[in-house]
Protein chains: 2
Amino acid sequence: MRDGDRVTRAAARRRMSVGELAIWRSLVDTTAELRRILGAQLLRDSGLSPADYAVLLALSEAHGSRLRSSELAAVIDWERSRLSHHLGRMERRGLIRRDDCSTDSRGAEVSLTEDGAGMFRGATAPHALAIKRNFADALTPEQFEALADILRTLQNHLRPEQTATSREDLHV
Amino acid sequence: MRDGDRVTRAAARRRMSVGELAIWRSLVDTTAELRRILGAQLLRDSGLSPADYAVLLALSEAHGSRLRSSELAAVIDWERSRLSHHLGRMERRGLIRRDDCSTDSRGAEVSLTEDGAGMFRGATAPHALAIKRNFADALTPEQFEALADILRTLQNHLRPEQTATSREDLHV
DNA sequence: CGAATTTGATTGACGCGTCAACCATATGCT
DNA sequence: AGCATATGGTTGACGCGTCAATCAAATTCG
């Protein structure tokens with residue numbers, strides 16, 4: 001029996017305390033504000049939205065900077081429809097390209113354009129710096145450890161099956 | 001000199017580690033998933049979006065269930081334009097009402113309708129339960145304490161002026 | 001083979017959030 | 001008083017995300 005299970009059962013009867021609720025709200029507010037700050041900064045620095053960045057990151061890390069549409073959707077955990085809309089907009093802006101797939105005529109292969117690759121390269125460093133400044137610099141090593149533990153616990157609570165420590169399914 | 005400052009300066013030269021970046025991504029992903037789950041549940045249970053809920057909560061807690069538009073915007077920390085759009089939609093659905101303000105003819109007074117108040121009342125308990133089940137039940141008291149500490153630190157890092165422990169400015 | 005089903009991907013409608021522009025009223029200044 | 005400016009709030013345009021519907025190509029199976 002895993003630790004999370006024991007906690008879950010033990011807590012199952014209790015009502016949620018107002019302190020716990022306040023922490024939940026603070027979590028939502030604080031992460032929202034961080035996303036807002038970093039998203040705005042990213043846009044100013046590089047003209048890319050967080051969504052653009054996620055797409056370009058996944059493509060950059062892909063073998064040959066090229067992915068099937070549904071693979072890409074799986075990597076960044078988006079609905080296919082959302083991805084299709086967004087790829088349309090990114091294609092119009094010249095960031096990515098969609099070609100017919102050679103092995104499956106239904107499929108599309110998404111790849112980086114020169115422009116897209118360049119924009120992404122230019123965005124990387126300032127974006128990392130912004131994350132460092134606004135987030136990483138604030139916390140002590142102990143706090144990082146505690147946060148990692150908490151996130152592992154939560155992930156494990158939400159999706160009990162998947163090994164919570166695999167680094168593969170992390171993306172921006 | 002506060003603790004956060006010392007950490008900030010000490011860390012200021014270092015590059016961000018890949019571990020720290022992974023924790024950031026995990027934080028973004030995990031909170032996004034929690035919001036997604038709770039938002040969907042709220043909608044199923046009560047037909048309200050998280051945004052609706054925030055508006056109704058603020059109005060419910062207001063003196064006389066009635067707020068000036070910009071006060072409301074301040075309470076839930078929204079841009080006035082966003083609020084105006086959303087109030088328009090909520091008004092169409094019969095959840096809130098907008099009346100001319102008696103003391104300032106430019107202003108609008110937003111208030112709950114019977115329907116809106118009822119919907120909110122019906123939404124409260126299942127929503128709290130969902131937060132408890134998906135979030136609060138997963139964590140130990142020690143983890144709660146650690147998380148509260150981390151969030152306080154981050155808030156303090158982002159907005160150094162404001163006392164980070166005031167419970168007033170927490171909302172959904 | 002040929003019909004039914006599944007899969008890969010796109011589309012349209014609609015609610016949402018942001019930004020800039022825009023009224024109308026209130027306030028401040030001389 | 002009279003003009004400038006600030007304030008409260010709304011609007012329109014546009015990018016975004018979700019849902020349901022759609023379409024074509026592939027696969028399954030009788």
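All values below were derived from every heavy atom in this structure, side-chain atoms included, with hydrogens, water molecules and symmetry-related copies excluded. Numbered from 1 within each chain, the chains take letters A, B, ... in sequence-line order.
A side-chain N or O of A/Ser49 and one of A/Asp52 form a donor-acceptor pair less than 3.5 Å apart. A side-chain donor from one of A/His86 and A/Arg89 sits under 3.5 Å from a side-chain acceptor of the other.
Residue B/Arg66 is tested with B/Glu71, B/Glu109, B/Glu61 for a salt bridge (charged side-chain N to carboxylate O under 4.0 Å, His left out); the sole match is B/Glu109.
Using a 30° and 60° split on the angle between ring planes, A/Trp24 and B/Phe135 fall in the tilted class, from 30° to 60°. Aromatic ring pairs are classed by plane angle as parallel below 30°, tilted from 30° to 60° and perpendicular above 60°; the pair B/Phe120 and B/Tyr53 is tilted.
Straight-line distance from the CZ atom of B/Arg80 to the C1' atom of D/dA6: 11 Å, rounded to whole Å. Regarding B/Leu67, its CG atom lies at a distance of 11 Å from the P atom of D/dG9, rounded to whole Å. B/His85 has its NE2 atom 9 Å from the P atom of D/dT11, to the nearest Å. Atom CZ in A/Arg82 sits roughly 18 Å away from atom P in D/dA20 (whole-Å rounding).
Atom CZ of B/Arg133 is surrounded by 12 or fewer heavy atoms from other residues, nucleotides or ligands within 6.0 Å.
Using a 4.0 Å cut-off on heavy atoms, the residues of residues 86-120 of chain A that approach DNA chain D are A/His86, A/Arg89, A/Asp104, A/Ser105, A/Arg106, listed by number.
Residue-level contact check: A/Ser70 touches the backbone only, with heavy atoms under 4.0 Å from sugar-phosphate atoms and none from bases. Within 4.0 Å of A/Ser84, counting heavy atoms only, lies at least one base atom of the nucleic acid.
Here side chain to side chain donor-acceptor pair (under 3.5 Å) pairs that include residues 30-40 of chain A, with residues two or more places apart or in two chains, are A/Thr30-B/Gln155, A/Glu33-B/Arg159.
Heavy-atom minimum distance, A/Val110 versus A/Ser69: CG2-CA, 4.1 Å.
Chain A approaches DNA chain C within less than 4.0 angstrom (heavy atoms of the protein), and the contacting nucleotides run 5' to 3' from C/dT7 to C/dA13.
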